[in-house]
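What follows is a single structure, written as structure tokens, with notes after it.
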2 protein chains.
Amino acid sequence: MAQGRAGDPDHGVELLWREAEREPRPGLSLRRIVRAAIELADAEGLEGLSMRKVADRLGFTTMSLYRHVPGRDQLVDLMRDEVLGEVLAGAPEEGPGAGGSWRERLAEVARQGWELRGRHPWLAEVRGSRHLPGPNAVAHYDYMLGTLTGTALRPSEVIAVIDLLGRFVDAEALLLAETRREERRSGVSEQDWWGARDSLYERLGRYPTLTRLWETGGWDRPEDSFAFGLRRLLDGVEVLVRERENERDETRDETRPESCPECGTLLDAAPSGRPRVYCSRACRQRAYRRRRADA
Amino acid sequence: MAQGRAGDPDHGVELLWREAEREPRPGLSLRRIVRAAIELADAEGLEGLSMRKVADRLGFTTMSLYRHVPGRDQLVDLMRDEVLGEVLAGAPEEGPGAGGSWRERLAEVARQGWELRGRHPWLAEVRGSRHLPGPNAVAHYDYMLGTLTGTALRPSEVIAVIDLLGRFVDAEALLLAETRREERRSGVSEQDWWGARDSLYERLGRYPTLTRLWETGGWDRPEDSFAFGLRRLLDGVEVLVRERENERDETRDETRPESCPECGTLLDAAPSGRPRVYCSRACRQRAYRRRRADA
DNA sequence: CTTTGCTGTTTATGCCGTAAACAAGGTATT
DNA sequence: AATACCTTGTTTACGGCATAAACAGCAAAG
């Protein structure tokens, strides 16, 4: 069934989105394969993931896997979707973090993504631009986009911010994962390895800025690169949000606000005929809570 | 000479830093190998780079390369350093961009890095945390760090900003490179490929934020992700710079400024005995030009 | 009872990096 | 001049990888 379909993306969609497994029978199954592959990748990284090893771990031959998965790439897509389910499983009901400012909510999803990649470092190593999202991936993306609901950002900006943040988290996680793996493989810590490169340091005297930063202790206590980067990014987004808020405020008094300032939904006329400000009681209360929190 | 040294980083240092080749003799040479490898990787990506193909391109056997390069990884290090030389070759003398504000200089090095990765997309694909820098890599790093000279940032922050920016450029370039490659490999544009995933879109109705953003045209004209991200990042850095400037200004009036506000150099007493403000005429003029430009 | 389809296995192909032994030529030493 | 050595390139071989293709066992459906 799965065989010979490695080049068919739509089959990949079916695989990712089809209903939960029927009754668990003995023998192989998609879910078992995916789970085994995740364990393997958690331990050895994405590059250490091979069809052979997954099959061995399950006690089957390599080719047996191809009865359930079209190929390695699709297996990775399935693994990705599986672990993305972990974030939502631990999240509260009412959207992303419910309370708090957009900034707090955004910082929270970044932290969640960071922690997920701490548990599954291979997630950041997944390459390629055509990975099909499964139900969990889409739900997670929707959840992240939801953090910016109610800001004055334009739709395309909401998307750009979330994508940017996602790439940032991935890049930082990738760096950490690679460092960790090389440390484990070689048995030498990153510090020790670089510290032993005397033949390199001998040659760095001629570089002025490098030398000055070295002498003023720039490398003595380095910044935490995830925390530092996240702060800069959030600050940068905040500048944009404020800009859009100012634009909104300038036009507010003349043209009546025709969309909910909290979630952006278009406002239909209230039954009473009185002009609405919020689209629902939930939004009105959320705005109230935020106003109180800001003060 | 190169053989059997694949695990010796110090030999890698020697290779990267040793003087320019002697007279070009017929047959193989390190430089020729590196050049051929760069051409290959430019065309086929880092994953398409193999010792076999490099050797074929030069008309030698695979193993002949190992007389000059310890292994594939070290070859990549050499390629990296070679192309990093391109940036500095086109740069003016007096440090990074010489004129302009720190923000303009920082934006400029980001743009240069972006363009370099446009010419050599594989550069962003290089993985691993223990890549030895050669002379060009160090000079380029020094050059980038130099853009923030004269700001109120602390040394560790200067480094963190430059590293963050570097990872950002790399991440964006990687995304683009992967997209391009898949487009070339499959012959289908990214838009067309995703547009044909009807079996996926059928299932996206249940996701509220996604749906709302779709309906309000969020994906109609997406932001340019490099330009957008760079703006956010620079804005974020600017927030930090201003914060540090305020801190400096608060202590300015009581304790005399003992370092040049333009480049950070410690000020020695002027021969006249009159308290100096800038360390040199160059810095005084630069500050003047900037003040005029801001107004 | 036979046909069909699902599941797992066997076998084989063609990539990859590189270790090890070897061959040939130039250079230095005796 | 004869010898040893060093540098360069080749041959051969190994173990790893993904996966195509043919095949074998079994169960349910006709």
Side-chain angles (χ1 to χ4, degrees), chain A residues 1-8 11-12 14-15 18 21-33 36-37 40-41 44-79 125 127-128 185, chain B residues 1-8 11-12 14-15 18 21-33 36-37 40-41 44-79 125 127-128 185:
Chain A
M1 184 227 258
Q3 222 152 15
R5 298 254 218 143
D8 177 4
H11 181 219
E14 289 309 319
L15 240 44
R18 88 178 169 202
E21 306 279 322
R22 5 245 159 223
E23 74 289 21
R25 302 213 251 115
L28 277 176
S29 78
L30 220 182
R31 187 167 205 93
R32 261 191 267 266
I33 292 175
L40 217 170
E44 303 193 27
L46 202 64
E47 149 184 299
L49 175 80
S50 80
M51 301 301 269
R52 276 163 164 61
K53 289 187 198 162
V54 174
D56 283 356
R57 177 174 285 248
L58 291 164
F60 290 85
T61 60
T62 308
M63 291 310 291
S64 67
L65 305 184
Y66 287 86
R67 286 288 164 204
H68 302 85
V69 180
R72 203 192 107 117
D73 290 354
Q74 285 80 357
L75 176 55
V76 173
D77 283 353
L78 288 158
M79 293 162 62
E125 299 180 300
R127 298 269 66 89
R185 193 167 48 79
Chain B
M1 186 228 253
Q3 222 153 16
R5 299 254 218 144
D8 177 4
H11 182 218
E14 287 309 319
L15 241 45
R18 87 176 169 202
E21 305 280 320
R22 4 243 159 225
E23 74 288 19
R25 302 214 250 113
L28 277 176
S29 77
L30 220 182
R31 190 169 202 91
R32 260 190 267 265
I33 292 174
L40 218 170
E44 304 194 26
L46 202 64
E47 147 184 301
L49 174 80
S50 81
M51 301 301 270
R52 276 163 167 65
K53 289 187 198 162
V54 174
D56 283 355
R57 177 174 284 249
L58 291 165
F60 290 84
T61 60
T62 309
M63 291 309 292
S64 66
L65 306 184
Y66 287 87
R67 284 292 163 200
H68 302 85
V69 179
R72 203 192 107 116
D73 290 354
Q74 286 79 356
L75 176 56
V76 173
D77 283 353
L78 288 158
M79 293 162 62
E125 299 180 301
R127 298 269 64 91
R185 194 167 48 79

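Every value quoted in this text rests on a predicted model; they were computed, and no experiment measured them. Letters go in sequence order (proteins before strands), and every chain restarts at 1.
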Check your understanding: Roughly how far apart are A:E125 CD and A:L49 CG, rounded to 0.5 Å?
Key -> 10.5 Å

Exercise for review: Figure out the CD1/P separation between B:I33 and C:dG17, and round it to whole Å.
Suggested key: 14 Å

Check your understanding: How close or far is atom P of C:dT9 from atom CG of A:D56, stated in whole angstroms?
Key -> 11 Å

Study note, to complete from the structure: From NE2 of A:H68 across to P of C:dT9 the rounded distance in Å is 11 Å

Exercise for review: Please determine if a side-chain N or O atom of B:S64 lies less than 4.0 Å away from the OP1 or OP2 oxygen of D:dT8.
Suggested key: no

Review point. Rounding to a whole Å, what distance do you find between B:F60:CZ and D:dT10:P?
Key: 7 Å

Review point. To the nearest 0.5 Å, how far apart are CZ in B:R52 and OG1 in B:T62?
Key: 5.0 Å

Restricting to nitrogen or oxygen on both sides, can you table the protein-nucleotides 15-17 of chain D pairs closer than 3.5 Å?
residue, atom, partner, partner atom, Å
D:dC17, OP1, A:S50, OG, 3.3
D:dC17, OP2, A:R52, NE, 3.2

Exercise for review: Would you kindly give the CE-to-P distance between B:M63 and C:dC22, to the nearest whole Å?
Suggested key: 15 Å

Review point. Can you tell me how far P of C:dA19 sits from OH of B:Y66, to the nearest Å?
Key: 7 Å

Check your understanding: Would you say B:H68 and B:R32 make side-chain contact, with heavy atoms under 4.5 Å?
Key -> no

Exercise for review: May I have the distance from A:L30 (atom CG) to C:dT7 (atom P), rounded to whole angstrom?
Suggested key: 11 Å

Practice item. Decide side chain to side chain contact (heavy atoms under 4.5 Å, CB included) for B:L65 and B:L75; before the verdict, give the C-alpha distance in whole Å, the side-chain angles of both, and the deciding distance to 0.1 Å. Key: CA-CA 10 Å; B:L65 306 184; B:L75 176 56; 5.6 Å; no

Check your understanding: Under the side-chain hydrogen bond (donor to acceptor under 3.5 Å, both in side chains) test, which residues partner A:R127, sequence neighbours left out?
Key -> B:E178

Point to revise | Heavy-atom side-chain proximity of A:L78 to A:I33 below 4.5 angstrom | key: no

